[in-house]
2 protein chains.
Amino acid sequence: MVNKSIDCVFCENKSVCFNELTPQELSEINKNKVEISYKKDETIIKQNSFASNIFFIKKGLVKIYLESKDRDLIIEIGGKSKMLGLTSLNHTKYYKFSVVAIEDVVLCQINIEIINKIMLTNQYFNNQVISNLNTTIEKILNKLFCISHKQLQGRLADALICFSDEIYNNNKFTLGVSRKDLADITNMATENVVRILKEFNDKKIIKLAGKNIEIINYVELKKLSS
Amino acid sequence: MVNKSIDCVFCENKSVCFNELTPQELSEINKNKVEISYKKDETIIKQNSFASNIFFIKKGLVKIYLESKDRDLIIEIGGKSKMLGLTSLNHTKYYKFSVVAIEDVVLCQINIEIINKIMLTNQYFNNQVISNLNTTIEKILNKLFCISHKQLQGRLADALICFSDEIYNNNKFTLGVSRKDLADITNMATENVVRILKEFNDKKIIKLAGKNIEIINYVELKKLSS
DNA sequence: ATTTTTTATTGATATATATCAATTTTTTTT
DNA sequence: AAAAAAAATTGATATATATCAATAAAAAAT
């Protein structure tokens, strides 16, 4: 759904990326962007489709994941200020991942050509993009390490800490994803997610009521994670 | 060991990154680079050390890996033209990985400030750097998928294909790494590397003689990988 | 409000993979 | 060349984790 979008110049939700743009550059982006709303469960990016746009999330959460025949792997849960599609900059024609809204989402879509053009003229913006790519690399390496070196308890502890510290910014939250999604985040069987959540609940590390989770013993969770 | 290094302008080993530099830019790099030789097993980059240089490999192979208490995870075997340290550009102060020579290596070391400076003045170079970062992201995602979704046979098949197609460019090669390293590449136990290599040998998929490996049935290897 | 469908939960079992221990081979050092 | 150290190999066993099957609970559709 296309929104009546506000002018980028006055937008309150701008990423730090856009902070140092000149009024002309902002206006150029404004002319070449569309704001779109997605309902929960709608697909935003489909893996292997042509990559011609960069997405900038203004509101809501998305899951970014790799699709395969048997099983998905969720790379990241992204929220406000997350940029999607930078990995296709100057490089690959296709998106290498899928993105689906796990809440109602509002985002701005900007043509990749415009982004490229502004990177040429604005060095601050260029640096921000590179910074963004490097953060992505760090996050994926972290995930690679987590999945390859930690056991189930540690992986799930990591995921819970991430939801608390980075996604909901609250030790008490209502999980926006299913047990199956938690399994795709931590690369384990759904049944084991259920079992380990229960185990954490029994050990009074978390307080569990369906999708409502409260982290009670953060220290213990951190210990499990390492 | 510091070498008497040749002028970048005449260097035959330049990466495509440097292709479109002006003579002035090349000369600037030349003035601010050192060429160094490392012997097999020498450490080139130590994880968590200050990142102030970019490395460009001219000769030899390195292993790039994440260190941890119990176990290493080899991210990539890099060879000629591989750039190291770009992930620290404008971003993190520290190297997030270690790099060790697995053959005698010759590389050029360039101060990160110079790289940053040339990125500002040369748009082609800037794009090459971004391209390089995106390739890194793709590779790590691929590895993440491989380690999380494939069984031992598939993971080892992947590694062998990589050695053949990308590292040695030959279906017959002398492995420069130990069984333990193969285990750290594929995230499995060393004993299982040995067992599965033998299994492949018995099934006439490869011909195995210590470190000498010949891929006989490439098609079957590809099948195992998927 | 009732039915249908999807998701979550639980226990029992199977299986892939790691670990352990012992031996052999290869490499390095003396 | 001999001795010592490191790496590779092999088989037996343990264990973490997935799979299967059955039920319960929650959500969606009628």
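Residue numbers start from 1 in every chain, and the chains themselves are labelled A, B, ... in the order their sequence lines are given, proteins ahead of strands.
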Listed in order of residue number, which residues of residues 204-215 of chain B have a non-hydrogen atom at under 4.0 Å from DNA chain D?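 Within residues 204-215 of chain B, the residues near DNA chain D are B:Lys211.
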Give the nucleotide from the list C:dT17, C:dT9, D:dT17 with an atom nearest to the side chain of A:Val194.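 Nearest listed nucleotide: C:dT9.
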Could you please name the option among C:dT17, D:dT17, D:dT19 that lies closest to any side-chain atom of A:Ala189?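 Closest of the options to the side chain of A:Ala189: D:dT19.
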Near B:Lys207 NZ, under 6.0 Å, is it more than 12 heavy atoms from other residues, nucleotides or ligands?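 Atom NZ in B:Lys207 is not packed in, count stays at 12 or less.
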Exceeds 12 heavy-atom contacts within 6.0 angstrom, atom NZ of B:Lys172: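 Count not over threshold, so no.
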Kindly determine whether A:Thr174 and A:Asn212 satisfy side-chain hydrogen bond (donor to acceptor under 3.5 Å, both in side chains), including the steps that lead there. CA-CA 4 Å; A:Thr174 302; A:Asn212 297 106; 2.7 Å; yes
Answer yes or no: is there an ion pair linking B:Glu220 with B:Lys223, defined by an N-O contact shorter than 4.0 Å?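 The answer is yes: the pair qualifies as a salt bridge.
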Atom pair distance, as rounded to whole Å: [atom1] in [X] and [atom2] in [N]:
| X | N | atom1 | atom2 | answer |
| --- | --- | --- | --- | --- |
| B:Arg71 | C:dA18 | CZ | C1' | 9 Å |
| A:Lys180 | C:dA8 | NZ | P | 10 Å |
| A:Leu156 | C:dA8 | CG | C1' | 15 Å |
| B:Asn201 | D:dT9 | CG | P | 10 Å |
| A:His149 | D:dA16 | NE2 | P | 18 Å |
| B:Lys39 | C:dT28 | NZ | P | 14 Å |
| B:Asn192 | D:dT9 | CG | P | 13 Å |
| B:Glu199 | D:dT9 | CD | C1' | 15 Å |

Which is true for B:Asp181 with a 4.0 Å heavy-atom rule: it touches a base, it touches only sugar-phosphate, or it touches nothing?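 The residue B:Asp181 makes no contact with any strand.
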Does B:Glu191 reach a base, just sugar-phosphate, or nothing at all? Heavy atoms under 4.0 Å.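 Base contact - B:Glu191 has a heavy atom under 4.0 Å of at least one base atom.
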Indicate whether the side chain of A:Tyr95 and that of A:Asn53 have a donor and an acceptor atom separated by less than 3.5 Å.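 No - no donor-acceptor pair under 3.5 Å links their side chains.
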Could you tell me if B:Ser225 and B:Asp158 have a donor-acceptor pair between their side chains, going purely by distance under 3.5 Å?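 Yes.
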Is it the case that the side chain of B:Lys143 and the backbone of B:Ile185 share a donor-acceptor pair, with hydrogens and angles ignored and the cut-off at 3.5 Å?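 Judged by distance alone, yes, a pair lies under 3.5 Å.
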D:dT9 phosphate, OP1 or OP2: any side-chain N/O from B:Lys198 under 4.0 angstrom?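 No, because none of the side-chain N or O atoms of B:Lys198 sits under 4.0 Å from OP1 or OP2 of D:dT9.
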Think A:Arg179 has a side-chain N or O under 4.0 angstrom from the OP1 or OP2 of C:dT9?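 Indeed, a polar side-chain atom of A:Arg179 lies that close.
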Need to verify one output field. Residue with the more 5' nearest nucleotide on DNA chain D, B:Ser178 or B:Arg195?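 Nearer the 5' end of the strand: B:Ser178.
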Could you tell me if B:Lys203 sits above the aromatic ring of B:Phe200, with its cationic atom closer than 6.0 Å to the ring centre and no more than 45 degrees from the axis?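 No cation-pi geometry.
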Helical bend (five base pairs per end, nearest 10°) for the helix from C:dA1-D:dT30 to C:dT30-D:dA1: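 Inter-axis angle at the ends, rounded: 50°.
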Pairwise side-chain contact, A:Phe163 with A:Leu182, heavy-atom cut-off 4.5 Å (strictly under):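 Sidechains of A:Leu182 and A:Phe163: in contact.
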Test side-chain hydrogen bond (donor to acceptor under 3.5 Å, both in side chains) on A:Glu35 and A:Gln109; report intermediate values, then the result. CA-CA 6 Å; A:Glu35 185 180 311; A:Gln109 204 175 325; over 6 Å; no
